[in-house]
Peer 1: 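Starting off with a structure, shown below.
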There are 2 protein chains.
Amino acid sequence: MIADMADEGDKFVEGAPDSPPELRAGAGYLLARLGAESRRRWARMLAEHGMTPHHYGALMTLDNLKVTHQQRLAELIGVDPRNAVSVVDFLERRGLIERTRDRADRRRHAIALTEEGRAVIDGLRRAGDGVERDMLGGLTGDERTALHDLLHRLFEVTVDR
Amino acid sequence: MIADMADEGDKFVEGAPDSPPELRAGAGYLLARLGAESRRRWARMLAEHGMTPHHYGALMTLDNLKVTHQQRLAELIGVDPRNAVSVVDFLERRGLIERTRDRADRRRHAIALTEEGRAVIDGLRRAGDGVERDMLGGLTGDERTALHDLLHRLFEVTVDR
DNA sequence: TATTGTTATACTCTATAACTATA
DNA sequence: TATAGTTATAGAGTATAACAATA
């Protein structure tokens with residue numbers, strides 16, 4: 001038999017006798033949980049531009065790398081190379097990227113942003129700043145910076161290189 | 001026309017003339033990207049136990065709260081209350097949680113872990129430690145701690161309370 | 001009239017198998 | 001034989017609409 005609910009945390013002040021235990025979870029799980037939250041918010045914003053987080057990631061990555069090929073792009077944005085095809089197709093149809101055969105290895109397609117792609121990115125970046133402020137607004141400036149640095153480093157050691 | 005690919009980053013040493021620009025992205029996007037990576041790894045591990053990240057999250061959350069109701073649980077694990085039904089159903093059928101009507105508000109179902117649920121959690125936690133070491137192994141101990149603290153705080157200010 | 005939980009369903013994302021063309 | 005890209009498909013995950021019981 002279950003007695004009373006213990007989830008009305010906001011009714012208790014810090015250190016009160018009945019204050020519920022902190023929600024404790026590992027960093028890996030929290031990363032997955034908060035990542036889903038962040039993804040949801042990005043997806044909602046990007047949907048207004050007719051895009052998905054993968055499209056955004058691809059544009060952003062190409063803006064950094066200038067040129068790359070599909071397999072590498074897929075790796076960096078975190079999709080299986082087989083599923084990257086439709087992502088790249090979509091952006092190409094919209095005229096935001098161009099896909100040309102690599103002369104040295106004709107199996108490969110070199111991918112790069114078009115002029116229009118670069119223009120679109122600027123708009124998305126501005127919209128993205130709003131999402132980020134909303135998601136991380138509860139943190140101090142120092143905390144946001146520290147989190148950004150740590151995530152950037154984690155990205156390097158897990159997916160990049 | 002696209003000239004050469006610029007993605008063979010590992011061939012260049014730091015500061016070399018042709019070294020590719022760092023992959024720069026905002027904290028919100030990185031959080032979504034790395035969250036998906038973490039989720040994938042958790043999902044793979046949990047599949048061996050016939051579970052999903054949501055099931056894990058529900059068990060972990062109940063272990064912290066002891067008792068709660070479905071809406072609150074759904075909020076904490078990040079699923080729509082309507083979709084939390086099948087998550088709770090699954091765990092109840094496995095005998096890991098028990099669902100009893102709240103006497104004070106008979107619309108509500110009080111949810112709590114069973115003895116067996118607590119035992120299963122111990123096993124999952126051990127398996128989860130392996131996933132976490134794998135995911136965060138490239139960071140130093142201090143970095144892992146700092147990241148964990150920041151994620152925990154972000155969880156508080158975004159979804160909890 | 002609002003809230004808790006439920007059922008049902010459509011849609012998106014992700015994972016995977018099988019193929020073509022180049023190397 | 002291995003790799004880059006493609007096509008196709010099934011399953012998991014997510015979002016949404018409509019409803020019953022209770023407040």
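Below, each value reflects all heavy atoms present in this structure, side chains not excepted, and no hydrogens, waters or symmetry copies. Order of the sequence lines sets the chain letters (A, B, ...), proteins ahead of strands, with each chain counted from 1. In this text, all values refer to a predicted model and were calculated from it rather than measured experimentally.
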Peer 1: When you list every nucleotide of DNA chain D with an atom under 4.0 Å from a heavy atom of chain A, which one comes first 5' to 3', and which comes last?
Peer 2: D:dA2 to D:dA15
Peer 1: Hey, which sits more toward the 5' end of DNA chain C by its nearest nucleotide, B:Gln71 or A:His54?
Peer 2: B:Gln71
Peer 1: For B:Asp105, report the nucleic acid contact type (base, sugar-phosphate, nothing); a contact means any heavy atom under 4.0 Å.
Peer 2: sugar-phosphate
Peer 1: Under the rule for side chain to side chain donor-acceptor pair (under 3.5 Å), what residues qualify as partners of A:Asp80, not counting sequence neighbours?
Peer 2: A:Arg82
Peer 1: When you check the phosphate oxygens OP1 and OP2 of C:dT6, does a side-chain N or O of B:His109 lie under 4.0 Å from one of them?
Peer 2: yes
Peer 1: Strictly below 4.0 Å, heavy-atom distances to any atom of DNA chain C: list the hits from residues 32-53 of chain A, or just say none.
Peer 2: A:Arg39, A:Thr52
Peer 1: Taking side chain to side chain donor-acceptor pair (under 3.5 Å) as the test, write out the residues that go with B:Arg153, two or more places apart.
Peer 2: A:Glu143
Peer 1: Could you tell me which residues satisfy side-chain contact (heavy atoms from CB on, under 4.5 Å) with A:His55, sequence neighbours excluded, listed by chain and number?
Peer 2: A:Met51, A:Thr52, A:Val87, A:Phe90, A:Leu91
Peer 1: Would A:Arg44 and A:Asp134 pass as an ion pair if we require N to O under 4.0 Å?
Peer 2: no
Peer 1: In chain order, what residues pass the side-chain contact (heavy atoms from CB on, under 4.5 Å) check against A:Thr145, with sequence neighbours excluded?
Peer 2: A:Asp149
Peer 1: Which residues satisfy the side chain to side chain donor-acceptor pair (under 3.5 Å) test with A:Glu48, sequence neighbours excluded?
Peer 2: none
Peer 1: Between C:dG5 atom P and B:Arg101 atom CZ, what is the distance in whole Å?
Peer 2: 9 Å
Peer 1: Nearest whole angstrom, please: distance from the P of C:dT22 to the CZ of A:Arg103.
Peer 2: 16 Å
Peer 1: Would you kindly give the CZ-to-C1' distance between A:Arg108 and C:dT20, to the nearest whole Å?
Peer 2: 18 Å
Peer 1: Atom OH of A:Tyr56 and atom C1' of C:dC13: how far apart are they, to the nearest Å?
Peer 2: 20 Å
Peer 1: Hey, which of A:Arg94, A:Glu92, A:Glu98 is the one that makes side-chain contact (heavy atoms from CB on, under 4.5 Å) with A:Leu96?
Peer 2: A:Arg94
Peer 1: Holding to salt bridge (Lys or Arg N to Asp or Glu O under 4.0 Å), I want the full list of residues that pass it with A:Arg40, two or more places apart in sequence or in another chain.
Peer 2: A:Glu37
Peer 1: Take the protein atom CG of B:Asp102 and the nucleotide atom P of C:dT3, then report the distance between them rounded to whole Å.
Peer 2: 17 Å
Peer 1: List in numerical order all residues of residues 81-91 of chain B for which some heavy atom is under 4.0 Å away from an atom belonging to DNA chain D.
Peer 2: B:Arg82, B:Asn83
Peer 1: Once side-chain contact (heavy atoms from CB on, under 4.5 Å) is applied, do any residues pair with A:Gln70, and if so which ones, sequence neighbours excluded?
Peer 2: A:Val85, A:Val88, A:Arg99, A:His109, A:Ile111
Peer 1: Among residues at least two apart in sequence or on other chains, which ones pass side chain to side chain donor-acceptor pair (under 3.5 Å) with B:Asp105?
Peer 2: B:Arg107
Peer 1: Identify, with sequence neighbours excluded, every residue that meets side-chain contact (heavy atoms from CB on, under 4.5 Å) alongside B:Val79.
Peer 2: B:His54, B:Ala74, B:Ile77, B:Ala84
